[in-house]
Amino acid sequence: MHAYRTHTCADIRTDHVGETVRLSGWVHRMRDHGNLLFIDLRDHYGLTQCVIDADKAVFKEIEAQRAESVITVTGKVVKRTPDTVNAGLPTGEVELVIKDCKLQSAAGELPMPVFGDQEYPEDIRLRYRFLDLRREKMHANIVLRNKVIASIRKRMWNAGFQEFQTPILTASSPEGARDFLVPSRLHPGKFYALPQAPQQFKQLVMMAGFDRYFQIAPCFRDEDARADRSPGEFYQLDVEMSFVTQDDVFAAIEPVITGVFEEFAGDRKVTPAPYPRIPYKEALLKYGSDKPDLRNPIEIQDVTEIFRGSGFGIFAKMIEGGAVVRAIPAPGAGGLARSFFDKMNDWARSEGYAGLGYINIKDGSPGGPIAKNLGEDRTATLRNQLSLGDNDGVFFACAKEADAARLAGLARGKIGLDLDLLAKDEFRFCWIVDYPLFEYDEAEKKIDFSHNPFSMPQGGLDALESKDPLDILAYQYDIVCNGVELSSGAIRNHLPEIMLKAFGIAGYDAETVEKEFPGMLNAFRYGAPPHGGLAPGVDRIVMLLADEPNIREVILFPMNQKAEDLMMGAPSGVSPKHLRELNLRIIDLDA
RNA sequence: GGGGGUGUAGCUCAGUUGGUUAGAGCGCUGGCCUGUCACGCCAGAGGCCGCGGGUUCGAGUCCCGUCACUCCCGCCA
């Protein structure tokens with residue numbers, strides 16, 4: 001007989017009755033009746049109830065074990081009597097009568113129980129991640145992650161993509177997020193950087209003639225965490241293709257994404273290909289965001305003209321000063337108490353905005369201060385434009401365009417949640433397209449790349465030479481699902497003159513560009529295929545499929561919000577010898 | 001760096017208007033229990049009420065500061 005097991009804890013059924021079997025696993029739960037003792041034995045695969053009574057020699061030894069100890073039990077499989085069958089357990093018709101038991105590893109008193117679905121503080125969960133991962137939900141999330149990645153790989157390989165590995169130790173580049181740096185021992189004072197993404201490498205793979213590349217790629221960015229952003233590192237399905245248009249990229253990736261989602265979505269509905277394509281500008285207007293949650297039926301409209309020169313003086317005056325007014329319908333809210341509207345206004349103030357105006361239509365008659373001051377005609381025009389019903393409400397965000405769009409978008413989300421308007425159990429995908437190539441950086445007071453500096457401008461070199469930089473669009477796109485940005489991508493620029501010109505507009509002179517991007521620029525000069533790609537976030541895909549609000553729930557060993565690994569104790573200090581080897585010295589800037 | 005929330009037993013939480021000795025469930029220790037599957041019953045141990053300062057006759061409770069965790073803003077091409 002095998003030293004540890006003849007079956008797993010999920011295997012035993014009525015066919016095994018009478019057989020002597022051996023199981024190994026964790027003591028999930030123990031029920032001690034004094035002269036009769038039940039153990040639920042758990043392994044990766046499932047649970048089997050084991051039973052022993054007091055006459056057996058090993059009884060005392062077993063009775064002394066704590067939950068989560070690892071044991072090996074040997075004994076005969078018996079059928080349970082009908083009144084003791086556990087219908088909630090796949091192995092619930094049988095049990096193992098323990099004849100022999102061996103303790104493999106004793107567990108101490110637990111800092112957090114594995115059994116049950118009680119919630120625990122995250123710092124304890126992260127410090128004892130190995131215990132946390134034994135719990136049913138976490139275990140299932142990580143198994144799901146494995147399946148999703150396997151499915152992605154299969155789909156990509158079947159679509160003719162090849163998987164390559166790119167360097168982890170590479171060069172820092174001037175744009176983008178903060179880098180993680182690794183000191184070089186052989187080159188004192190010089191550093192490697194961990195890649196923020198294999199962006200330049202995957203483009204160079206195209207220039208090397210490989211045509212269709214993908215990788216489940218680790219990416220490293222030294223940026224602060226969010227619920228959907230793990231600090232330090234994350235994984236992307238990194239994709240690049242040669243001789244493609246934007247439509248070719250969409251056509252290649254949509255079946256992969258839809259396929260993976262359909263495979264693991266269960267009863268949840270998935271947007272079929274092709275996904276709706278929403279220009280960036282339209283998204284900001286209609287949804288107040290470039291990552292709209294399309295499960296929310298509310299659409300924002302511009303109503304600036306209705307308020308221009310109107311009796312509602314606050315808005316009229318702001319419009320003269322360059323503000324716009326965005327209307328956010330709240331279907332069915334007209335019948336709600338005044339407090340609903342007041343609370344929305346308080347909420348807007350708490351978000352740092354001046355406030356949110358409103359009209360509440362009750363049984364066909366519009367109420368509130370705006371309706372009163374705007375006058376009947378204009379209010380009627382408004383109702384008509386927004387197709388408001390007899391008991392709808394509508395909120396107004398008045399501010400400079402970017403702020404108004406942002407506030408309207410936040411209000412759209414809040415109204416959708418508060419009024420429970422979101423289509424449940426659906427994955428709604430869309431492409432956001434036509435991003436601007438540049439944006440004005442208020443902090444630095446200069447024009448900078450808005451997304452990816454390697455994107456191809458729409459209109460090519462002509463556009464760069466003739467248009468206002470802020471009006472130039474790029475072949476740049478995002479996949480958005482349920483308000484989560486899954487991926488950004490672009491058709492890349494493959495011409496050195498466009499690269500130099502575009503970087504020039506962003507304030508990098510030719511010499512700097514030659515120095516910072518020698519590999520790319522050189523490759524452009526020796527025959528570069530037109531190419532493009534994208535990089536959906538793998539962690540976020542799993543997070544959506546697992547229906548988890550926090551990305552750490554789908555990562556085996558995540559760091560906490562302050563980018564510390566509480567289990568391994570990272571980051572940590574290093575020895576003076578270690579530092580000396582690397583030609584480093586720690587200095588105290590405050591001293 | 002800024003804003004919000006939380007912090008009471010190993011864990012999850014309650015704790016009234018500032019008032020006697022700070023409670024419950026789970027877990028832990030001991031005892032009883034031969035059909036449980038959140039087993040049951042009895043007993044017990046376990047507290048720097050995050051930390052520091054202040055107000056007060058008196059602070060878990062009020063005030064100030066600070067720390068930890070978390071959510072958000074900044075940041076994330």
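Heavy-atom basis, side chains included; hydrogens, waters and symmetry copies ignored. Chain A is the first sequence line, chain B the second, and so forth, proteins listed ahead of strands; every chain is numbered from 1.
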**Q** Taking the six-membered ring for Trp, are Tyr435(A) and Tyr280(A) closer than 6.0 Å centroid to centroid?
**A**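 Yes, close enough.
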
**Q** Look at Lys562(A) and U70(B) and indicate whether a side-chain polar atom (N or O) is within less than 4.0 Å of OP1 or OP2.
**A**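 No, Lys562(A) has no side-chain N/O under 4.0 Å of OP1/OP2 on U70(B).
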
**Q** Contact class for Phe454(A) (heavy atom, under 4.0 Å): base, sugar-phosphate, or nothing?
**A**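 The answer is nothing, as Phe454(A) stays clear of every strand by at least 4.0 Å.
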
**Q** Report the distance from atom CD of Gln196(A) to atom SG of Cys219(A), rounding to the nearest 0.5 Å.
**A**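 If I round to the nearest 0.5 Å, the distance is 9.0 Å.
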
**Q** Please produce a list of atom pairs where a protein N or O lies less than 3.5 Å from an N or O of nucleotides 72-75 of chain B.
**A**
{"residue": "C72(B)", "atom": "OP2", "partner": "Ala227(A)", "partner atom": "N", "Å": "3.0"}
{"residue": "C73(B)", "atom": "OP2", "partner": "Arg226(A)", "partner atom": "NE", "Å": "2.8"}
{"residue": "G74(B)", "atom": "N7", "partner": "Arg226(A)", "partner atom": "NH2", "Å": "2.6"}
{"residue": "G74(B)", "atom": "O6", "partner": "Asp224(A)", "partner atom": "OD2", "Å": "3.4"}
{"residue": "G74(B)", "atom": "O6", "partner": "Arg226(A)", "partner atom": "NH1", "Å": "3.1"}
{"residue": "G74(B)", "atom": "O6", "partner": "Arg226(A)", "partner atom": "NH2", "Å": "3.2"}
{"residue": "G74(B)", "atom": "N1", "partner": "Asp224(A)", "partner atom": "OD2", "Å": "2.5"}
{"residue": "G74(B)", "atom": "N2", "partner": "Asp224(A)", "partner atom": "OD2", "Å": "3.3"}
{"residue": "C75(B)", "atom": "O2'", "partner": "Glu223(A)", "partner atom": "OE1", "Å": "2.4"}
{"residue": "C75(B)", "atom": "O2'", "partner": "Glu223(A)", "partner atom": "OE2", "Å": "3.4"}
{"residue": "C75(B)", "atom": "O2", "partner": "Glu223(A)", "partner atom": "OE1", "Å": "3.4"}
{"residue": "C75(B)", "atom": "O2", "partner": "Arg229(A)", "partner atom": "NH2", "Å": "3.1"}
{"residue": "C75(B)", "atom": "N3", "partner": "Arg229(A)", "partner atom": "NH2", "Å": "2.9"}
{"residue": "C75(B)", "atom": "N4", "partner": "Arg226(A)", "partner atom": "NH2", "Å": "3.3"}

**Q** So what does the secondary structure string of RNA chain B come out as, 5' to 3', with Watson-Crick or wobble pairs under 3.5 angstrom, [ ] for crossing and | for pairs with another strand?
**A** (((((((..((((.....[...)))).(((((.......))))).....(((((..]....))))))))))))....

**Q** How about Val73(A) and Leu41(A): do any of their side-chain heavy atoms sit closer than 4.5 Å?
**A**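 Of all side-chain heavy-atom pairs linking Leu41(A) with Val73(A), at least one is under 4.5 Å.
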
**Q** With distance as the sole test, does Lys446(A) use its side chain to make a donor-acceptor pair with the main-chain N or O of Gly507(A) at under 3.5 Å?
**A**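 Pair absent, no side-chain N/O of Lys446(A) close to backbone of Gly507(A).
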
**Q** Below 4.5 Å, heavy atoms only, C-beta onward: do Arg540(A) and Glu485(A) meet side chain to side chain?
**A**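 Yes, side chains in contact.
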
**Q** Under 4.0 angstrom, heavy atoms only, what part of the nucleic acid is Pro113(A) near: base, sugar-phosphate, or nothing?
**A**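 No contact.
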
**Q** Using a heavy-atom cut-off of under 4.0 Å over every strand shown, decide if Glu95(A) touches base, sugar-phosphate, or nothing.
**A**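 Since a base atom lies under 4.0 Å of Glu95(A), the category is base.
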
**Q** Determine the contact category for Arg80(A): base if any of its heavy atoms lies under 4.0 Å from a base atom, sugar-phosphate if only primed atoms, P, OP1 or OP2 are that close, otherwise nothing.
**A**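 Counting heavy atoms under 4.0 Å across all strands, the contact made by Arg80(A) includes a base.
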
**Q** May I ask you to evaluate whether Asn560(A) reaches the phosphate of C69(B), defined as a side-chain N or O under 4.0 Å from OP1 or OP2?
**A**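 Yes.
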
**Q** At less than 4.0 Å, is any side-chain N or O atom of Arg127(A) found next to OP1 or OP2 of C69(B)? Yes or no.
**A**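 No.
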
**Q** Give Gln49(A) one of three labels, base, sugar-phosphate or nothing, depending on what nucleic acid heavy atoms sit under 4.0 Å from its own.
**A**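 Base contact - Gln49(A) has a heavy atom under 4.0 Å of at least one base atom.
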
**Q** Between Arg31(A) and C39(B), is there a side-chain N or O to OP1/OP2 distance below 4.0 Å?
**A**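 Yes.
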
**Q** Arg29(A) side chain N/O closer than 4.0 Å to the phosphate oxygens (OP1, OP2) of C26(B)?
**A**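 Checking Arg29(A) against C26(B): no side-chain N or O falls below 4.0 Å of OP1 or OP2.
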
**Q** Mapping Glu439(A) and Leu566(A) onto RNA chain B by nearest heavy atom, which one lands closer to the 5' end?
**A**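 Of the two residues, Leu566(A) wins.
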
**Q** Between Trp431(A) and Tyr477(A), what is the ring plane arrangement, given parallel below 30°, perpendicular above 60°, and tilted in between?
**A**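 Answer is perpendicular, since the angle exceeds 60°.
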
**Q** Give one of base, sugar-phosphate or nothing for Asp32(A), where a contact means two heavy atoms less than 4.0 Å apart.
**A**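 Base: the residue Asp32(A), judged by heavy atoms under 4.0 Å, touches a nucleobase.
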
**Q** Pick base, sugar-phosphate or nothing for Tyr120(A), based on heavy-atom distances below 4.0 Å to the nucleic acid.
**A**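 If one applies the 4.0 Å heavy-atom cut-off, Tyr120(A) turns out to touch the sugar-phosphate alone, with no base involved.
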
**Q** Would you say the ring centroid of Phe449(A) lies under 6.0 angstrom from that of Phe503(A)?
**A**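 Aromatic pair counts; centres sit under 6.0 Å.
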
**Q** Check the phosphate of U34(B) against Asn35(A), side-chain N and O only, distance under 4.0 Å to OP1 or OP2. Yes or no?
**A**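 Checking U34(B) against Asn35(A), a side-chain N or O does come within under 4.0 Å of OP1 or OP2.
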
**Q** Taking Arg552(A) for the side chain and Asn560(A) for the main chain, is one N or O donor matched with an acceptor at less than 3.5 Å?
**A**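 Checked: no pair found.
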
**Q** Base, sugar-phosphate, or nothing for Asn550(A), non-hydrogen atoms under 4.0 angstrom?
**A**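 Asn550(A): backbone/sugar contact only, no base atoms under 4.0 Å.
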
**Q** Select base, sugar-phosphate, or nothing to describe what Ile124(A) touches, counting heavy atoms under 4.0 Å on all strands.
**A**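 Here Ile124(A) touches the backbone only, sparing every base.
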
**Q** Identify whether any heavy atom of Glu119(A) sits under 4.0 Å from a base atom; if not, whether one sits that close to sugar-phosphate; answer base, sugar-phosphate or nothing.
**A**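 Contact class for Glu119(A): sugar-phosphate only.
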
**Q** So which atom in Leu470(A) and which in Ile447(A) form the shortest heavy-atom distance, rounded to 0.1 Å?
**A**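 Where Leu470(A) meets Ile447(A) most closely, the heavy atoms are CD2-CG1, 4.4 Å.
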
